[in-house]
Amino acid sequence: MNATVQGAFRAPSAIPPDAAAAYIAQTSFDRPTLVIDRARVVRQYDALSEGLGAARIHYAVKANPAPEIIRLLVERGSRFDAASRAEIELCLAQGAKGSEISFGNTVKRPADIAFAYSAGVDLFVADSEAELAKLAEHAPGARIYLRVIVENSKADWPLTRKFGCAPGSVPGLLDLARDLGLRPVGLSFHVGSQTRRAEFWTPVLDQVARLWHAAIADGHPLSVLNIGGGFPAFYGEPIDAPRDYAAQVMAAVHARFGKVGYIMAEPGRGLVAEAGHIAAEVLLVSRKSQSDLHRWVYLDIGRFSGLAETEGESIRYQITTAHDGGETGPCILAGPSCDSADILYEKRPIQLPLNLRDGDRVMIRNCGAYTSSYASVGFNGFPPLDVVVL
Ligand SMILES: *Cc1c(COP(=O)(O)O)cnc(C)c1O
């Protein structure tokens, strides 16, 4: 451990300095608060862009829809992947053009399609006949890409099955799109969120490349390849730096697809997760009996107030306390609400300092993605996650 203690918290060993951690160390909060460092978002964006080469970033807005982040990314030249009218309006309000926004939700409200079309959005996803019919009616002549199911996701948070059509449906859907007057221009997939290693992409790219070349041979001149998200964040297990990771993915893409008119990538987590930490507080430390091997640690933030990705204990956040460096023991970590599902880690307990007490502040690291956007409006009267953008 080469970290030094700064204020109540360990200063991160990463260079350049971690502004969000420094801010949290110097500030007192009256509720759980996500602190996001804009400069860190820019660094991630630039690193991913470099690695992606000619592929364009369409930031997946749902990962963190803070207007300041959207504006920053507009200024940086990012494009956007939106899932609803509200997300499209957010991007437009922060200066994005309709033509720079893709509507990437396979399940769209007809009125949202019409709104998007009137706002200049010209790139829509579909994975079914009924969605193509909606698009033909409300966005006539628009460019569409088909989302395909991919197998063998090795992601920590898989995103397939619910989305995408079976590989065998691709030819029929492309024909139907054309017959409906739409312009079927490409394919998309999602390798699964938090795909920790670039090599995990290769079997997925093999599947999509087969469909891609077959469609072209079938008379559909595809030009848009949407490789989705999946770019990982650091949660304790080693990952490659964003530029290297993206470059490895792109090398694998080029090897399989050859020349493609427009390649788009939709990082969410990989762009914003490491830019934010949550300041939280221990409300209670207890044992269920004197012989209980585990302590129960209850925080003022839980599943319903921002930490939804602990579902299935899939995403394991790193937690820093003022007592780090001392002896630790296994804890079951839970949120504050009166719902017994509000347990963060139990199957695999987490190690926390033995002298952790109620009233202690903790910092949950690398939480810039999928936290503020997942917080409920006020279950049990606990306020939604507060957000501070530096
Ligand atoms: C959520 C989502 C993303 C972002 O995924 P990450 O793993 O966070 O990068 C990208 N594309 C689509 C279609 C999504 O639904």
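Keep in mind it's a predicted model, so treat the numbers as computed, not measured. Along the sequence shown, the residues carry numbers beginning at 1. Atoms within a ligand are numbered from 1 in the order they appear, just like the ligands themselves.
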Tell me whether Phe163 reaches ligand 1 (any heavy atom closer than 4.0 angstrom to a ligand atom). no
Out of Arg269, Glu266, Lys62, who is nearest to atom 2 (C) of ligand 1 when you count heavy atoms only? Lys62
Min N/O separation Gly228 to ligand 1 under 3.5 Å: no
Thinking salt bridges, do Glu309 and Arg269 make one under a 4.0 Å N-O criterion? yes
Sub-4.0 Å atoms of ligand 1 with respect to non-hydrogen atoms of Ala60: 3 (C), 4 (C), 10 (C)
Ion pair present between Arg256 and Asp206, side-chain N to carboxylate O less than 4.0 angstrom? yes
Just which atoms of ligand 1 are under 4.0 Å from any heavy atom in Gly268? 4 (C), 6 (P), 8 (O), 9 (O)
Before accepting this row, confirm whether a basic side-chain N of the pair Asp112/Lys134 lies closer than 4.0 Å to the acidic partner's carboxylate O. no
Do Asp81 and Lys62 sit within salt-bridge range, that is, some charged N less than 4.0 Å from a carboxylate O? no
Is the NZ or CZ atom of Arg76 both under 6.0 Å from the centre of the six-membered ring of Tyr45 and within 45° of that ring's axis? no
Going by heavy atoms, is Gly230 under 4.0 Å from ligand 1? yes
List every atom of ligand 1 that sits less than 4.0 Å from any heavy atom of Pro267, numbering the atoms from 1 in the order shown and giving each element. 9 (O)
Check ligand 1 against Ser193 and write out every atom of the ligand that is under 4.0 Å from a heavy-atom position of the residue. 6 (P), 7 (O), 8 (O)
All heavy atoms of Leu222 vs all of Ile216, minimum pair found to be N-CG1, 4.0 Å
Using a 4.0 Å cut-off to any heavy atom of Arg147, which atoms of ligand 1 qualify? 13 (C)
Heavy-atom contacts under 4.0 Å between Val125 and ligand 1: side chain, backbone, both, or neither? neither
With heavy-atom distances below 4.0 Å as the criterion, list the atoms of ligand 1 near Asp81. 11 (N), 12 (C), 13 (C)
Cation-pi between Lys108 and Phe103: NZ/CZ under 6.0 Å from ring centre and within 45° of the ring axis? yes
So that I can tick it off, tell me whether Asp46 and Arg43 are bridged by a salt bridge, with the cut-off set at under 4.0 angstrom between side-chain N and carboxylate O. no
Test of proximity, Gln194 against ligand 1: N or O pairs below 3.5 Å: no
Counting heavy atoms under 4.0 Å, the part of Ala63 that contacts ligand 1 is neither
Counting from 1 in the order shown, the ligand 1 atoms closer than 4.0 Å to a non-hydrogen atom of Tyr370 are 1 (C), 4 (C), 5 (O), 6 (P), 8 (O)
Below 4.0 Å from ligand 1: does a non-hydrogen atom of His58 turn up there or not? no
Would you call Glu68 and Arg38 a salt bridge, using N to O less than 4.0 angstrom? no
Is it true that Asp122 and Arg143 have a side-chain N and a carboxylate O under 4.0 angstrom from each other? yes
